[in-house]
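The structure appears below as structure tokens.
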Amino acid sequence: MDTVVSGIRSTGNLHLGNYFGAVKNFLRMQHENKCFFFIADYHALTTHPKPEDLHGNIRQVLAEYLACGIDPEVATVFVQSDVPEVSELYLLLNMNAYIGELERTASFKEKVRKQPDNINAGLLTYPVLMAADIIIHKANKVPVGKDQEQHLEMTRRFARRFNMMYGVNYFPEPDAYNFGQQLLKIPGLDGTGKMGKSEGNGIFLADTPHEIRKKVMRAVTDTGPTAPGQEPSEPVKNLFTIMKVVSDQSVVNYFTDKFASCEIRYGDMKKQLAEDIIKVTDPVRERINEILADKKYLAKVVASGAEKARESAAKTVREVREIIGYKPF
Ligand code: TRP
């Protein structure tokens with residue numbers, strides 16, 4: 001059985017793309033592995049969130065993952081800052097992370113470009129904290145998207161370097177979790193590329209039916225097919241892609257035929273699509289609100305997650321201290 005660690009950004013709500021992508025994979029993973037899922041709220045500080053927003057963001061993201069079916073009885077679900085052991089491992093790893101390699105990290109260079117007035121040391125050492133998150137539980141698998149591959153590569157390097165430096169075979173070098181062909185990509189509503197948090201093209205699980213209808217009706221299309229057998233344009237293809245995920249096959253067939261015979265009315269298609277999306281998201285949205293209202297339940301989940309995560313983390317830190325040479329007097 002593999003040990004899996006995955007950090008979840010504490011900003012941004014889950015959208016349909018996350019729901020059919022990362023979240024579905026989490027649900028599958030949790031039953032097949034020993035999983036640690038945590039809200040990365042130390043990492044969140046690199047962007048200087050306001051104190052009055054921080055806690056609300058953490059609660060919201062946690063509630064959304066739980067509502068999707070992450071099971072805290074099966075996986076260890078916790079909040080990063082509840083496990084301060086990770087900050088000690090981060091400190092220790094920082095001693096053999098080199099400025100040059102940190103400055104060359106793609107995500108750091110991008111931040112330097114995008115937020116030149118807040119290039120803090122936390123950003124520079126972001127990959128070290130992420131490595132600590134992972135190896136503190138001696139994980140051997142990490143589910144990562146393309147944007148995190150370099151960070152995982154650095155994690156492997158830091159683990160290997162520690163082992164070399166102290167002549168031990170202590171930390172495993174974690175690999176990317178391989179999802180095979182099962183990764184579903186959901187496109188956005190703006191006609192280009194995939195659904196994202198910042199692109200303004202997303203449907204969020206927390207959106208009300210009214211908001212969803214409005215967004216779908218505004219989705220980009222084109223002037224319609226002019227000859228039978230024509231290929232749909234990119235934006236229309238995207239609507240069909242979403243439809244294939246949320247609608248019944250008969251509905252997809254109906255609109256595919258209408259398109260092929262040039263009789264399609266995008267307004268009708270969008271109305272149907274909106275209702276089918278709502279059928280998927282509405283029970284989740286209700287569950288999110290239920291969980292958010294249940295303070296006791298959330299407190300219990302977080303406390304038991306922290307206890308399990310700390311047990312595993314404290315053991316590692318204790319052993320690492322010993323390897324490094326700290327001794328009791
Ligand atoms: N950097 C990850 C992201 O932006 C979040 C993260 C933090 C993470 N620590 C992690 C992911 C450890 C996997 C494992 O999405």
Side-chain angles (χ1 to χ4, degrees), residues 2-15 17-19 21-23 25-26 29-30 33-47 49 54 57-58 61-62 64-65 70 75-91 93-94 97 102 105-111 114-115 120 122-159 171-179 183 194-199 202 305-306 309 312-313 316:
D2 286 322
T3 299
V4 174
V5 166
S6 189
I8 295 162
R9 280 174 234 187
S10 69
T11 51
N13 307 78
L14 287 176
H15 53 65
N18 302 130
Y19 183 71
V23 175
N25 289 324
F26 275 28
M29 269 185 310
Q30 68 181 350
N33 308 278
K34 182 170 185 202
C35 286
F36 292 88
F37 298 136
F38 67 95
I39 313 289
D41 66 337
Y42 276 145
H43 283 102
L45 296 186
T46 54
T47 59
L54 184 62
N57 292 344
I58 298 164
V61 173
L62 183 64
E64 293 193 356
Y65 274 83
I70 301 276
T76 299
V77 180
F78 65 102
V79 176
Q80 187 184 30
S81 63
D82 281 342
V83 184
E85 286 79 4
V86 78
S87 60
E88 181 167 354
L89 185 59
Y90 164 63
L91 179 149
L93 291 178
N94 265 325
L102 296 173
T105 312
S107 60
F108 179 70
K109 290 199 285 195
E110 187 186 318
K111 294 286 184 192
K114 284 197 179 157
Q115 49 181 70
N120 58 67
L123 272 180
L124 183 69
T125 57
Y126 184 111
V128 186
L129 180 54
M130 179 160 160
D133 289 329
I134 296 167
I135 68 178
I136 204 162
H137 302 296
K138 297 186 140 192
N140 42 0
K141 288 280 190 295
V142 184
V144 284
K146 264 252 157 300
D147 63 327
Q148 299 297 314
E149 271 171 9
Q150 190 180 26
H151 292 159
L152 184 59
E153 192 55 53
M154 294 172 83
T155 300
R156 278 198 284 273
R157 199 187 315 147
F158 296 143
F171 286 122
E173 287 181 42
D175 292 314
Y177 193 99
N178 192 351
F179 296 109
L183 262 187
K194 62 180 214 184
M195 192 174 282
K197 269 175 198 137
S198 38
E199 286 79 354
S312 152
T316 303

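Sequential numbering from 1 along the given sequence is applied to the chain's residues. Each ligand, and each atom within it, is numbered from 1 in the order the structure gives. For clarity, every value in this text was computed on a predicted model and none was experimentally measured.
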Give the residue and atom name of whichever protein heavy atom lies nearest to [atom], and the separation in Å to one decimal.
atom: atom 13 (C) of ligand 1; answer: Gly7 N, 3.3 Å
atom: atom 10 (C) of ligand 1; answer: Met130 CG, 3.6 Å
atom: atom 2 (C) of ligand 1; answer: Gln148 OE1, 3.3 Å
atom: atom 9 (N) of ligand 1; answer: Asp133 OD2, 2.8 Å
atom: atom 15 (O) of ligand 1; answer: Arg9 NE, 2.9 Å

Of the side chain and backbone of [X], name the one, both, or neither that has a heavy atom under 4.0 Å from an atom of ligand 1.
X: Phe38; answer: side chain
X: Val142; answer: side chain
X: Leu129; answer: neither

Smallest separation among heavy atoms of Glu173 and Ala159, with atom names: CG-CB, 4.5 Å
Over 12 foreign heavy atoms within 6.0 Å of NZ, Lys138: yes
Neighbour count >12 (heavy atoms, 6.0 Å) for atom NZ, Lys141: yes
Mutual orientation of the aromatic rings belonging to Phe78 and His137 [parallel < 30°, tilted 30-60°, perpendicular > 60°]: perpendicular
Residue pair Ser10, Asn57: steps toward the side chain to side chain donor-acceptor pair (under 3.5 Å) verdict: CA-CA 6 Å; Ser10 69; Asn57 292 344; 5.6 Å; no
